[in-house]
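So the structure is just underneath, and the comments pick up after that.
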Amino acid sequence: MQCAAGLDRPSGGTVRLGGTVRLGGTDITGMSENKLTALRRSRVGFVFQAFNLLPSLTVAKVGTVLDRADYTTAQSLDRELNAWANTVMAAVLGGFAAVAAASTLVMTVLDRRRELGTLRLIGSTRRQVMRMIRWEALLVALAGIALGTAIALATLVPMMKGLTGQAPYIPPLVYGSFAAAIVILGLTAATVPARAAIRGTLDA
């Protein structure tokens, strides 16, 4: 650590700061004390007060210093892994939310079997009852989309403003796809049990 920072001179070999000479690295092995001082002042930062945090480890054991190309490749790989992990986590959470919402709608419609039977007995046609169920499911889905969007923006906008100074960018195609999926899920979860309830024996 001290050799890499230019505080001590190595007993053999060379020390290059910032990668190889070809990539813009600087050979600090033969520099004078004045040049090393200027180099440390402009390019080297010290975070810890003690250098030998792990005296039993050497630089070779800690890891290999990467050049600029290897560092860029490693960063790209880390970003890809993080993006993949975030996508999987969002898919799992979205799946749980979809199952919970669909189950709630199904149970709500099944609990209204007597109401649907009464509507049929007083003269409502099956088409009219199903149209009512579809409109109710559509209103619930749209209300959920509006409420979820408002809550997400209320938390996301201040966070992005604080971190980047800019408003978050939401791809319209992605947002529209999620909204369409929510509407389809709501309509399906409401109309399928309602159709089954109307076809069955109506107990008014």
Side-chain angles (χ1 to χ4, degrees), residues 1-8 10 13-29 39-105 141-142 144-186 188-189:
M1 297 285 288
Q2 295 187 7
C3 290
L7 298 175
D8 291 339
T14 59
V15 177
R16 290 189 177 92
L17 182 65
T20 62
V21 177
R22 180 175 58 85
L23 294 176
T26 303
D27 187 356
I28 65 175
T29 308
L39 183 69
R40 286 195 298 267
R41 187 180 302 154
S42 60
R43 299 183 58 184
V44 180
F46 299 100
V47 178
F48 301 102
Q49 295 180 357
F51 298 103
N52 296 322
L53 297 178
L54 298 174
S56 61
L57 296 180
T58 63
V59 175
K61 292 181 180 179
V62 173
T64 304
V65 179
L66 301 178
D67 58 18
R68 189 175 303 174
D70 292 337
Y71 178 78
T72 302
T73 302
Q75 289 294 317
S76 299
L77 180 60
D78 289 341
R79 283 193 292 268
E80 291 178 1
L81 291 176
N82 290 334
W84 179 82
N86 292 335
T87 302
V88 172
M89 185 179 297
V92 172
L93 295 177
F96 279 123
V99 170
S103 301
T104 302
L105 287 174
L142 294 178
I145 293 172
L147 184 61
T149 302
I151 294 175
L153 290 178
T155 56
L156 186 60
V157 170
M159 183 182 68
M160 293 300 296
K161 286 285 189 179
L163 293 176
T164 64
Q166 298 178 353
Y169 172 72
I170 302 175
L173 182 60
V174 175
Y175 181 81
S177 300
F178 276 106
I182 293 172
V183 171
I184 294 174
L185 177 64
T188 304

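These numbers come from the heavy atoms of this one structure, side chains and all, not from hydrogens, waters or symmetry mates. This is a predicted model, so every value here is computed, not measured.
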- Task: Could you pull out the closest heavy-atom pair between Pro168 and Met160, with the gap in Å?
- Result: CB-CG, 3.8 Å

- Query: Can you pull the side-chain hydrogen bond (donor to acceptor under 3.5 Å, both in side chains) pairs that have at least one residue in residues 167-178, sequence neighbours excluded?
  - Reply: Thr149-Tyr175

- Message: Give me each pair satisfying side-chain hydrogen bond (donor to acceptor under 3.5 Å, both in side chains) with a member in residues 88-101, each pair once, sequence neighbours excluded.
- Response: none

- Do Val183 and Ile145 pass the side chain to side chain contact (heavy atoms under 4.5 Å, CB included) test, and can you show the C-alpha distance, the side-chain angles, and the key distance before you say yes or no? CA-CA 9 Å; Val183 171; Ile145 293 172; 3.9 Å; yes

- Output yes when a side-chain donor or acceptor of Thr188 lies under 3.5 Å from a complementary backbone atom of Leu185, and no otherwise. no

- Out of curiosity, Met159 CE to Thr164 OG1, how far, rounded to the nearest 0.5 Å? 9.0 Å

- Message: Rounded at 0.5 Å granularity, tell me how far CD1 in Ile151 sits from CG in Leu156.
- Response: 13.0 Å

- Item | Nearest atoms (heavy-atom pairs only) where Pro158 meets Leu153 | CD-O, 3.8 Å

- With sequence neighbours excluded, tell me which residues meet side-chain hydrogen bond (donor to acceptor under 3.5 Å, both in side chains) with Ser103. none

